[in-house]
Amino acid sequence: MTAERAPLTLIGSGLTGPLLAISLMQRGFPIRLYERRPDMRHVHISAGRSINLALSTRGIYALQQAGLWHQIQKIIIPMRGRMMHSVAGEITFMPYGKDETEVINSISRADLNIALMNAAEEHGVSIHFNQRCTGFDLRSGDVHLRDEETGAESMIGADAVIGTDGSASVIRAEMLKLQRFNFSQQYLDYGYKELTIPAGHDARQVLELHALHIWPRGTFMLIALPNIDGTFGCILFLPFEGESSFAALDSESNLLSFFKAEFPDALQLMPHLIENFFASPTGAMVTIKCSPWHVDGKALLLGDAAHAIVPFFGQGMNCAFEDCTCFLNLVGRFGSDWPVLFSEFEKSRKADTDAIADLAIENFVEMRDRVADPHFLFRKKVELELEKKYPAQFVPKYAMVTFHRTPYSVAAERGAIQDRMLSELCDSVQRMEDVDWNKAEALVQRELAPLTGP
Ligand SMILES: Cc1cc2nc3c(=O)[nH]c(=O)nc-3n(C[C@H](O)[C@H](O)[C@H](O)COP(=O)(O)OP(=O)(O)OC[C@H]3O[C@@H](n4cnc5c(N)ncnc54)[C@H](O)[C@@H]3O)c2cc1C
């Protein structure tokens with residue numbers, strides 16, 4: 001086995017690896033990228049093929065900084081709000097933001113990954129596919145690799161390694177062997193399954209295109225996001241065990257009865273439900289927190305490897321892309337002083353990634369349960385009105401997270417204050433004309449103005 005040296009080695013060419021690689025190449029750092037999967041541009045990989053992600057302000061900003069947004073913009077579909085489907089087939093629309101500029105964007109994970117890898121190669125990044133990192137020596141900096149096709153083992157030397165290898169990070173697993181490494185993982189009792197609504201005649205969408213569709217059912221839900229080819233990528237979120245659960249959907253007849261009872265309108269649009277459902281694995285959702293994210297100047301975790309979160313705020317990728325923004329700002333200050341840079345990166349980012357992890361869990365209950373509640377929809381209207389009246393002080397929590405780049409920890413803190421204010425204003429009334437706007441003014445001045453200015 002021969003060892004060669006390279007300045008920076010990235011493990012994992014998912015969403016974050018190629019973006020970070022491009023941005024570092026632009027700053028003059030040669031990068032090598034190792035990915036365990038085959039090249040999805042040439043080999044069909046089923047996992048994550050059909051799934052769409054919601055791309056919003058933080059992610060867009062990072063793509064803009066790398067000069068990639070004009071390209072990515074061609075493969076997104078803006079979604080203006082949530083479209084809720086009741087069991088009886090009634091539809092309610094709730095806008096995400098205060099106007100047409102506040103939208104989230106549906107993008108296919110595979111198309112985004114491909115666009116990023118193409119751009120990375122155009123920037124001179126060498127991506128080595130079928131190369132699984134099997135270990136990393138934290139003292140010497142040697143990276144151990146196994147070729148997934150041939151089984152051949154190799155070793156490369158690296159001055160520093162960045163683990164962009166996702167929630168099951170091997171680099172993090174190496175850090176776990178160190179003394180005083182803090183690590184927690186919390187699985188939800190819920191799993192998810194990817195399903196598809198095919199395009200209609202002439203590749204037309206069979207549901208409203210510019211919306212994220214939700215079938216909220218209290219303890220579970222189905223969602224659908226539009227694709228540019230006319231299909232909708234759906235995700236069914238269900239408990240693993242119990243009455244309405246993945247365990248209970250163990251036969252074709254149970255599956256069909258469940259969909260007939262709970263999602264009758266969606267069922268009509270899913271002619272391949274049975275094949276889809278039994279072919280698609282049931283995924284688990286986990287929150288991972290750990291610290292430190294780095295070992296001296298030798299290794300750093302970034303993206304899901306450092307902080308995996310559950311998907312209910314649509315922020316995992318956006319947060320990982322914001323990691324890149326933050327990291328690159330520090331490169332501007334510290335250059336290749338990796339020990340200082342890695343340490344500063346964690347210091348500047350940890351409170352925010354912990355905050356979005358907690359907000360994402362909180363939003364799970366909102367999506368599956370509260371969006372169907374008329375009082376919740378009323379609160380949302382009051383919230384938008386408060387934003388209109390006090391744009392400098394009152395920005396809804398969802399907007400702070402999704403449409404602004406307010407640090408997540410600040411959004412969580414101010415969001416909690418605003419939630420209490422909304423309870424005071426809305427709990428005993430049901431109509432806009434009954435809201436006490438004088439009280440609202442007093443609350444804004446007392447609770448929010450000290451934080452945001454008058
Ligand atoms: C159901 C679901 C829905 C989601 N929806 C959204 C959304 O709407 N919006 C949003 O912002 N986020 C969403 N997310 C989160 C988002 O997918 C992740 O946060 C994002 O993919 C993290 O990027 P990453 O580059 O850190 O990790 P990944 O994208 O997971 O990439 C890691 C890469 O590392 C490779 N790898 C792993 N181990 C090794 C190894 N040992 N050697 C070499 N390579 C390795 C993997 O093959 C992969 O290519 C969702 C997640 C899920 C599960």
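Heads up: numbering here begins at 1 and tracks the sequence. Whatever order the structure lists ligands and atoms in, that order sets their numbers, starting from 1.
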re atom 43 (C) of ligand 1, the protein heavy-atom contact at minimum distance is R36 N, 3.3 Å
| query | So, for W338 and F29, is the gap between ring centers shorter than 6.0 Å? | reply | yes
**Report entry** Polar atom proximity, T16 to ligand 1 (N or O, under 3.5 Å)
**Finding:** yes
Has Q71 got more than 12 heavy atoms of other residues, nucleotides or ligands less than 6.0 Å from its CD? yes
Ranking G12, S106, G163 by closest non-hydrogen atom to atom 34 (O) of ligand 1, top hit is G12
re atom 29 (O) of ligand 1, the protein heavy-atom contact at minimum distance is L15 N, 3.4 Å
Worksheet item: So is G283 in contact with ligand 1, going by heavy-atom distances below 4.0 Å?
Response: no
Quick note on ligand 1: atoms under 4.0 Å from a heavy atom of G316 include exactly 10 (C), 11 (O), 12 (N), 15 (C), 19 (O)
- Taking the six-membered ring of Y61 as reference, does the NZ or CZ atom of R405 fall below 6.0 Å from its centre and within a 45° cone about the axis? yes
R36/E148 ion pair, N-O < 4.0 Å: no
Using heavy atoms and a 4.0 Å limit, tell me yes or no: is M285 in contact with ligand 1? no
- Query: Between F403 and Y398, what is the ring plane arrangement, given parallel below 30°, perpendicular above 60°, and tilted in between?
  - Reply: perpendicular
> Do any nitrogen or oxygen atoms of E35 come within less than 3.5 Å of a nitrogen or oxygen of ligand 1?
Replying inline: yes
When distances are taken from atom 12 (N) of ligand 1, the protein heavy atom at minimum range is M317 N, 3.0 Å
Within 4.0 Å of some non-hydrogen atom of T164, the atoms of ligand 1 are 32 (C), 33 (C), 34 (O)
**Asked** Relative to F327, does R333 satisfy both conditions: NZ or CZ under 6.0 angstrom from the six-membered ring centre, and within 45 degrees of the ring's axis?
**Response** no
Paired with Y190, the ring pair (Phe, Tyr, Trp, His ring centres under 6.0 Å) test is passed by just one of F240, F220, F364, namely F364
**Message:** Taking only non-hydrogen atoms of E194, do any sit less than 4.0 angstrom from ligand 1?
**Reply:** no
Looking only at protein heavy atoms, what sits closest to atom 33 (C) of ligand 1 is G14 N, 3.6 Å
Atom 21 (O) of ligand 1 sits nearest the protein heavy atom R109 NH1, 3.1 Å
- Flag N318 as yes when one of its N or O atoms lies below 3.5 Å from any N or O atom of ligand 1, and as no otherwise. yes
message: For E252, is the CD atom crowded, meaning more than 12 foreign heavy atoms sit under 6.0 Å from it?
response: no
Distance under 6.0 Å and angle within 45° of ring axis: R349 vs Y408
no
Does Y192, backbone or side chain, put an N or O under 3.5 Å from an N or O of ligand 1? no
Under 3.5 Å, N or O to N or O, is G314 touching ligand 1 that way? yes
For this session: Would you confirm whether the ring centroid of F342 sits within less than 6.0 angstrom of the ring centroid of W293?
Result: no
query = Cationic tip of K193 within the cone over F277's six-membered ring, i.e. under 6.0 Å and within 45° of the normal?
reply = yes
If you compare C133, G17, A360 by their heavy atoms, the one closest to atom 42 (N) of ligand 1 turns out to be C133
Atom 52 (C) of ligand 1: closest protein heavy atom, distance to 0.1 Å, is P311 CB, 4.0 Å
Under 4.0 Å from one or more heavy atoms of R132, ligand 1 contributes atoms 41 (N), 42 (N)
heavy-atom search around atom 27 (O) of ligand 1 in the protein gives G166 CA, 3.6 Å
Check: of A54, S13, S56, min heavy-atom distance to atom 7 (C) of ligand 1 comes from A54
Numbered in order shown, the ligand 1 atoms found under 4.0 Å of a heavy atom of V170 are 41 (N)
Nearest heavy atom to atom 14 (N) of ligand 1, choosing from L53, N130, I51, belongs to L53
Report task. State whether E121 and R41 are salt-bridged, where the test is any N-O pair (Lys NZ or Arg NE/NH1/NH2 against Asp/Glu carboxylate O) under 4.0 Å. Result -> yes
Closest non-hydrogen contact found for D304 with S167 is CB-N, 3.6 Å
A student checking ligand 1 against G303 at a 4.0 Å heavy-atom cut-off should list atoms 26 (O)
Heavy atoms from other residues, nucleotides or ligands near CG of N118 exceed 12 (cutoff 6.0 Å)
yes
Among non-hydrogen protein atoms, atom 26 (O) of ligand 1 lies closest to D304 N, 2.9 Å
Contact region, I11 to ligand 1, non-hydrogen atoms below 4.0 Å, reads side chain
*So, are K350 and E346 salt-bridged, with charged N and O less than 4.0 Å apart?*
no
